[in-house]
There are 2 protein chains.
Amino acid sequence: MKIDPQKPADLSAQIAQAIRDAIVSGQLIVDERLPSEAELADQFQVSRPTVREALKRLAAQSLIRTQRGATGGAFVNRLSFEDAYSQQITTSTLLLSMNTVSFDTACEARYALERACARLSAQRRTADQLATMRAEIFRQAQPGLTDEAFCASDVAFHRALVDGAGNPVLSYQLAGAVEAMQPLMNMITFTARSREEIISLHSQIADGLENGDADVVEESLVKLEKYTRKLAHDVAEQRRKPA
Amino acid sequence: MKIDPQKPADLSAQIAQAIRDAIVSGQLIVDERLPSEAELADQFQVSRPTVREALKRLAAQSLIRTQRGATGGAFVNRLSFEDAYSQQITTSTLLLSMNTVSFDTACEARYALERACARLSAQRRTADQLATMRAEIFRQAQPGLTDEAFCASDVAFHRALVDGAGNPVLSYQLAGAVEAMQPLMNMITFTARSREEIISLHSQIADGLENGDADVVEESLVKLEKYTRKLAHDVAEQRRKPA
DNA sequence: CGTTTTTATTTGTCTGACATTTAAAAGTCT
DNA sequence: AGACTTTTAAATGTCAGACAAATAAAAACG
């Protein structure tokens with residue numbers, strides 16, 4: 001691990017990159033302890049605050065964890081699926097909020113990905129996952145449910161559908177797509193009428209998964225996508241002509 | 001933006017979270033300048049190094065950028081698709097390398113996601129994207145191509161297929177799935193024979209996209225998945241009985 | 001031998017300082 | 001007055017040294 005002392009600025013970024021490379025290339029393995037901050041400062045010929053800035057960069061990416069005390073230090077962190085989920089969600093949410101992505105584009109992507117899980121989920125969903133979906137559908141039908149709660153339940157329903165595929169890599173990849181849509185979905189004020197339709201389609205999906213009928217699930221997802229996009233379109237229309 | 005001074009450790013993490021929340025919630029908008037490090041230190045009642053550690057965490061996630069000089073400072077960064085791509089790829093690669101994910105699981109996820117693009121890509125792929133695919137197929141057929149070059153070309157081919165869907169959100173979500181597979185693919189030593197078959201399937205895909213025939217594309221992708229998994233299985237078999 | 005105390009190590013934080021970069025302000029010359 | 005040069009101020013980048021707090025091992029003690 002070497003850094004170029006010629007390059008002027010951002011020593012901490014260079015050091016972070018050097019350590020990152022060492023982790024990615026396998027020179028540093030999971031749970032291995034990095035040298036202490038003082039030792040790293042010596043090795044890289046920089047001060048301790050600079051080393052610390054580098055370590056914080058890595059910590060922000062969940063690449064290391066730190067522990068205080070005598071046997072403490074910075075350890076190479078096993079990037080768990082959970083950590084990866086939340087990073088993925090944060091990034092996706094920001095990406096959608098800070099770029100002009102049309103609702104249609106985001107919606108299309110989300111449902112295209114979700115349909116990719118339909119077949120696998122129809123084969124593999126556990127009874128537990130199916131029960132979760134049924135429970136969420138039940139909750140969604142409760143009168144007096146706030147829009148936020150309805151959206152959260154919607155996300156939970158779709159998460160269960162995705163997890164039903166029994167493929168953690170797939171779940172990870174879709175986490176962003178499903179969760180990041182929630183803020184966008186919140187822009188649509190769900191009327192009682194529109195909820196009814198959505199709940200009906202959710203039921204069709206659950207039925208399809210229960211019977212292992214992937215075609216029904218895919219079809220219902222297509223309908224759900226169309227309906228969601230229509231809702232968004234109507235809301236946009238209303239805003240244009242508020243009268 | 002407030003932090004809890006009671007909680008003992010990791011002030012920098014709390015500060016980073018506070019600023020992150022301010023960005024996500026829209027209190028800080030793109031290209032807005034944050035207060036200077038000294039001012040932030042005052043606001044949060046901490047020292048400047050602590051503030052700096054917090055800022056480095058945010059910089060590691062491309063949430064802010066910093067600029068030196070009189071009118072410099074930390075600015076809220078517009079998270080570009082490009083930045084998001086590379087973060088996605090890094091995270092996915094690490095996730096796969098640091099967890100015991102079977103080749104089958106990763107492969108299944110990748111092709112399930114890729115098939116999600118097939119229909120859209122058959123409708124929308126540009127002539128340019130099709131040309132890229134044909135060019136990559138041609139390259140893949142060159143004798144004497146190294147395994148690394150073949151894999152890179154394979155990735156380029158699939159990237160073009162995904163981008164053909166004309167949905168940047170979809171491209172972003174799939175970047176990780178496609179790129180992170182490359183290290184795993186490299187474990188398979190492609191023989192000349194296996195390349196032939198892969199190239200043939202690539203051609204079928206390109207033909208399908210050219211003719212707007214999504215079914216052919218999906219079918220070919222299924223075949224490609226099956227073939228890839230068979231190759232991996234054979235390699236594993238050979239390793240078990242090296243004689 | 002078990003419990004308590006001490007000690008050493010390491011991260012977390014603070015203070016104060018200097019270097020470097022950068023753009024604006026001030027000054028100077030034509 | 002206008003164009004060029006110099007100065008200055010503000011900000012980040014870096015450093016050095018110090019102390020606090022946590023933690024586990026070592027030492028002391030009953």
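Throughout, a chain's letter reflects where its sequence line sits, starting with A, and its residues are numbered from 1. What you are looking at is a predicted structure, and each value in this text was computed from that prediction instead of being measured.
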key: Residue list, side-chain hydrogen bond (donor to acceptor under 3.5 Å, both in side chains) with A/Gln129, at least two apart or on another chain   = A/Thr126
List the atom pairs, with distances to 0.1 Å, where a side-chain N or O of residues 56-63 of chain A and a protein N or O form a donor-acceptor pair under 3.5 Å, not counting sequence neighbours.
{"unit_1": "A/Arg57", "atom_1": "NH1", "unit_2": "A/Ser12", "atom_2": "OG", "d": "2.8"}
{"unit_1": "A/Gln61", "atom_1": "OE1", "unit_2": "A/Arg20", "atom_2": "NH1", "d": "2.2"}
{"unit_1": "A/Ser62", "atom_1": "OG", "unit_2": "A/Gln87", "atom_2": "OE1", "d": "3.4"}

ask   = Of all residues at least two apart in sequence or in a different chain, which pass the side-chain hydrogen bond (donor to acceptor under 3.5 Å, both in side chains) check with B/Ser171?
value = B/Asp163
inquiry  = I want to check something: taking the side chain as every heavy atom from C-beta on, are B/Arg110 and A/Gln173 in contact at a cut-off of under 4.5 Å?
reply    = no
message = Output the rounded distance in Å from CD (B/Gln45) to C1' (C/dC14).
response = 13 Å
message = Listing request: all ring-ring contact (aromatic ring centres under 6.0 Å, His included) pairs with a residue in residues 156-185 of chain A, at least two apart in sequence or in separate chains.
response = A/Phe157-A/His202, A/His158-A/His202
note = Angle separating the five-pair end axes of the helix from C/dC1-D/dG30 to C/dT30-D/dA1, nearest 10°, is 20°
ask   = Quick one: A/Leu11 CG to C/dA19 P, roughly how many Å, whole number?
value = 16 Å
query = To the nearest Å, how far apart are B/Asp42 CG and C/dC14 C1'?
reply = 14 Å
ask   = Can you give one letter per nucleotide of nucleotides 4-11 of chain C, 5' to 3': B if a protein heavy atom sits under 4.0 Å from the base, S if only from the sugar-phosphate, - if neither?
value = -----BBB
ask   = Who are the side-chain hydrogen bond (donor to acceptor under 3.5 Å, both in side chains) partners of A/Arg78, not counting sequence neighbours?
value = none
inquiry  = Tell me whether the side-chain N/O atoms of A/Thr50 come closer than 4.0 Å to OP1 or OP2 in D/dG13.
reply    = no
request  = Name all residues meeting the side-chain hydrogen bond (donor to acceptor under 3.5 Å, both in side chains) criterion together with A/Asp128; count only those two or more places apart in sequence or in a different chain, and write none if there are none.
outcome  = none
key: Nucleotide D/dC15, atom P - distance to CG of A/Leu40 in whole Å   = 14 Å
query = Sequence neighbours excluded, which residues qualify as side chain to side chain contact (heavy atoms under 4.5 Å, CB included) partners of B/Phe138?
reply = B/Gln142
